[in-house]
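Model, not experiment: these values are computed from the prediction. Chain naming here is simple, since letters A, B, ... match the order of the sequence lines and numbering starts at 1 in each.
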Number of protein chains: 2
Amino acid sequence: MSAEKIKNMEEFAAKCGVSRPTASKYFNDPNSVRPKTRLRIEAALERYNYRPNIYAINQNRRLTKTIGIVVPYLADPFFAEIARYLETRCIEAGYSPSLFSSHGKPELENDNLDTLRSMKPAGVLFAPLGRSSDREFVAQFCQDVPTVLFDSNIDGVGDVFIGSDNPQFTSLMVQYLCRTGEPPCFFEMKTPPNPNARKRRLGYLDAMQKQGHEPHIFEAQGEGWALEEIGHQEGIRFIDSGEMQTKTVLCSNDRLAIGFLAACYQKGLRVGITEDCDLRVAGLDGHPFSSYTCPSLTTVSHDYEAISERSVETLFTMIENDSSSGSRREKLFEGKLLLRSSA
Amino acid sequence: MSAEKIKNMEEFAAKCGVSRPTASKYFNDPNSVRPKTRLRIEAALERYNYRPNIYAINQNRRLTKTIGIVVPYLADPFFAEIARYLETRCIEAGYSPSLFSSHGKPELENDNLDTLRSMKPAGVLFAPLGRSSDREFVAQFCQDVPTVLFDSNIDGVGDVFIGSDNPQFTSLMVQYLCRTGEPPCFFEMKTPPNPNARKRRLGYLDAMQKQGHEPHIFEAQGEGWALEEIGHQEGIRFIDSGEMQTKTVLCSNDRLAIGFLAACYQKGLRVGITEDCDLRVAGLDGHPFSSYTCPSLTTVSHDYEAISERSVETLFTMIENDSSSGSRREKLFEGKLLLRSSA
DNA sequence: TACAAAACTTTGCGCGCGTAAAAAAAATAT
DNA sequence: ATATTTTTTTTACGCGCGCAAAGTTTTGTA
């Protein structure tokens, strides 16, 4: 490795003994040059660690090799896990992923889309905030940039949505709970920040009705993404209120459930399916940490891999065909029941 | 908002009635132009949503307004939380943060540093993998780019390190545990992926010796970042082994502790400080979810805010003075004891 | 009112690369 | 060996903006 610094592609091409356009061609696609010249270039690449200036490259390309990944809240392990998978897949496919979190704020979401737009990305994988998203703004973005919406749907916006069948989640869990014991009440936030809450509530109401049971919903107060905290605080209030008319609680998501389990523990309620327990508690999501709660949480898990995989694949074909498909496509994956010891 | 598309700063400046260099000056610092012209420009900015081409900007600046943030594993809530804070502070200061996770892999860490280097960032906030980091590579990077190392120190590398006083963490906890009951044994991984584990072990040994107690260490098998899983599996093995000669267990970090708590629960061991409990369990880190374990986890918390704040502030002054300070500086923050119900 | 200082405009070069067209060279086919 | 195809080189322009120098206008001060 020579210490000599190489300023630009001109100099580098000279070291290789090729012309600059040929070097340029190589960097765009190593296979597009003759094997012999390719070797010459790669030999030089070993000696001098030259790398083309990304800004100069991207300025002149209509589209870059960047893929934007936007999630509503990266400190939520659910999204952290998905982001990890998406990033890996993009790199494998030769793109450079660029990760953004909206930190739960619609303004930041718009900002993220703005900076992404100016990055001329080849495509974007976008999990919107949901109800609090700026609908118009997002719709415009999806028109301008090849975008795959995932996790949270915004009706009629964008060409593709890939996510989970949330009503199926609740219905699956309600069925299981009813078959094995008392029908569940539903523990959810009154104003949830996460997008799929509404569909889960509807799924609960629907499933209960179909089973011929009367639904009970407890609405937890509180705002923001501190779901465990809210589940805990409001769980205690729920328990103390005496409104709990059933010994089975279905939480709208796993993070709420984790907080609720803490509330139960604190209140001396034993949670589980065995005879000596006071309460059954179930969650929804398949949160990465849900197997390590005490007791381990029975839940319905997203098919993380399928969602990530399909999102990425769909985006890649969108990029290749670069045509907006005309009709809007949605793909919903079913959840898998994870039977553990809490319910 | 006019629908008319503006191609470049030339056109935009014309719409404002100012010259292009003046517009350019405005975008670099809105206060550097006369208030009257500033209003003219901002009025135009309302009508046409023009934004300067970031690639053209960055190509011509020696340094960009980008700040790189690199963490070893973003799916760990600890780093997710810190990253969230760092991002926010960078944005407030007028920089554009760019987030990278090394996903636990040294090759990826190097790749991240490579792409960062080619981004000509104003500065980088870097939490390295630690022992598995490529020492030479990282050192070279820190020489080329203004970098603040945080969380995990690499001796002699870089100009600044900001983190926690890990031996103090363990010593603080050991002292507390000894004062209130049996001296603790230490539950850790044999080959930990997280960087500060070694210092914690030494802190444990040292503190036990000072207290006049004999140390006991249980080494959990397993590789990688699935710490809860390892804590769970190996926790069960630990319990079954009969090697546990004390009723107090100090875990090397909170994620291990979460897994260990699950193991205790599964094994029917009651964890807590009250008379009727079999075991006391403590963790280290102040993990975001550690208050929602059952029982809630007694731990020593990083001063997240202080670390993030100091890291960012330090980087900003490094950027402004753009001189390498010559001598290496380290700042270690003490941990705060969080007394909860597990120990 | 004059005068210096500050802010602005004009002009013009340069950044590092994409890319197109035409000419030259090399590889392959006849 | 010649003709044909493929690859490479040459030449040249453009991208959108930073930046510096010199000239012009505006602003604040004496």
Engineer: Go along nucleotides 19-29 of chain D 5' to 3' and tag each nucleotide: B for a protein heavy atom under 4.0 Å from its base, S when only backbone or sugar atoms are that close, - otherwise.
Structural biologist: B------SS--

Engineer: In this structure, how many angstroms lie between the C1' atom of C/dC15 and the NZ atom of A/Lys7, rounded?
Structural biologist: 9 Å

Engineer: Using OP1 and OP2 only, check whether a side-chain N or O of B/Thr37 sits under 4.0 Å from C/dC8.
Structural biologist: yes

Engineer: Any side-chain heavy-atom pair from B/Tyr85 and B/Glu309 closer than 4.5 angstrom?
Structural biologist: yes

Engineer: Throw together a table of side-chain donor-acceptor distances under 3.5 angstrom for residues 135-146 of chain B, partners on residues two or more places apart or in other chains.
Structural biologist:
unit_1	atom_1	unit_2	atom_2	d
B/Arg135	NH2	B/Asp155	O	2.3
B/Gln140	NE2	B/Asp144	OD1	3.1
B/Asp144	OD2	B/Arg117	NH1	2.3

Engineer: Please report, rounded to the nearest Å, how far the P atom of D/dT7 is from the CZ atom of A/Arg38.
Structural biologist: 14 Å

Engineer: Heavy-atom nearest nucleotide on DNA chain C for B/Val33 versus A/Asn8: which residue maps closer to 5'?
Structural biologist: B/Val33

Engineer: So for atom CD, which belongs to A/Glu313, do other residues, nucleotides or ligands contribute more than 12 heavy atoms lying within a distance under 6.0 Å?
Structural biologist: yes

Engineer: Hey, can you tell me if A/Tyr73 and A/His103 have their rings parallel, tilted or perpendicular (30° and 60° cut-offs)?
Structural biologist: perpendicular

Engineer: Within the structure provided, determine whether B/Arg310 and B/Phe333 are in side-chain contact (heavy-atom separation under 4.5 Å).
Structural biologist: yes

Engineer: Is the distance from OP1 or OP2 of D/dT9 to the nearest side-chain N or O of A/Thr22 less than 4.0 Å?
Structural biologist: yes

Engineer: Is A/Arg84 paired with A/Glu87 through a side-chain N to carboxylate O contact shorter than 4.0 Å?
Structural biologist: no

Engineer: Report the distance from atom CD of B/Gln59 to atom C1' of C/dC13, rounded to the nearest whole Å.
Structural biologist: 14 Å

Engineer: Select base, sugar-phosphate, or nothing to describe what B/Tyr50 touches, counting heavy atoms under 4.0 Å on all strands.
Structural biologist: sugar-phosphate

Engineer: Taking side-chain hydrogen bond (donor to acceptor under 3.5 Å, both in side chains) as the definition, give me every residue that meets it alongside B/Asn8, ordered by chain and number, with sequence neighbours left out.
Structural biologist: none

Engineer: Given atom CG of B/Asn53 and atom P of D/dC15, what is their separation to the nearest angstrom?
Structural biologist: 12 Å

Engineer: Please give, in whole Å, the distance from C/dG16 P to A/Met9 CE?
Structural biologist: 12 Å

Engineer: Once you round it to whole Å, what is the distance between P of C/dC15 and CZ of A/Phe12?
Structural biologist: 20 Å

Engineer: Which whole-number value in Å describes the distance from A/Glu10 CD to D/dA12 P?
Structural biologist: 14 Å

Engineer: Using a 4.0 Å heavy-atom cut-off across all strands, classify B/Tyr26 as base, sugar-phosphate, or nothing.
Structural biologist: nothing

Engineer: Just to confirm, is there a sub-4.0 Å distance from OP1 or OP2 of C/dG18 to any side-chain nitrogen or oxygen of A/Tyr55?
Structural biologist: no

Engineer: Rounded to whole Å, how long is the line connecting atom CD1 of A/Ile54 with atom C1' of C/dC15?
Structural biologist: 15 Å

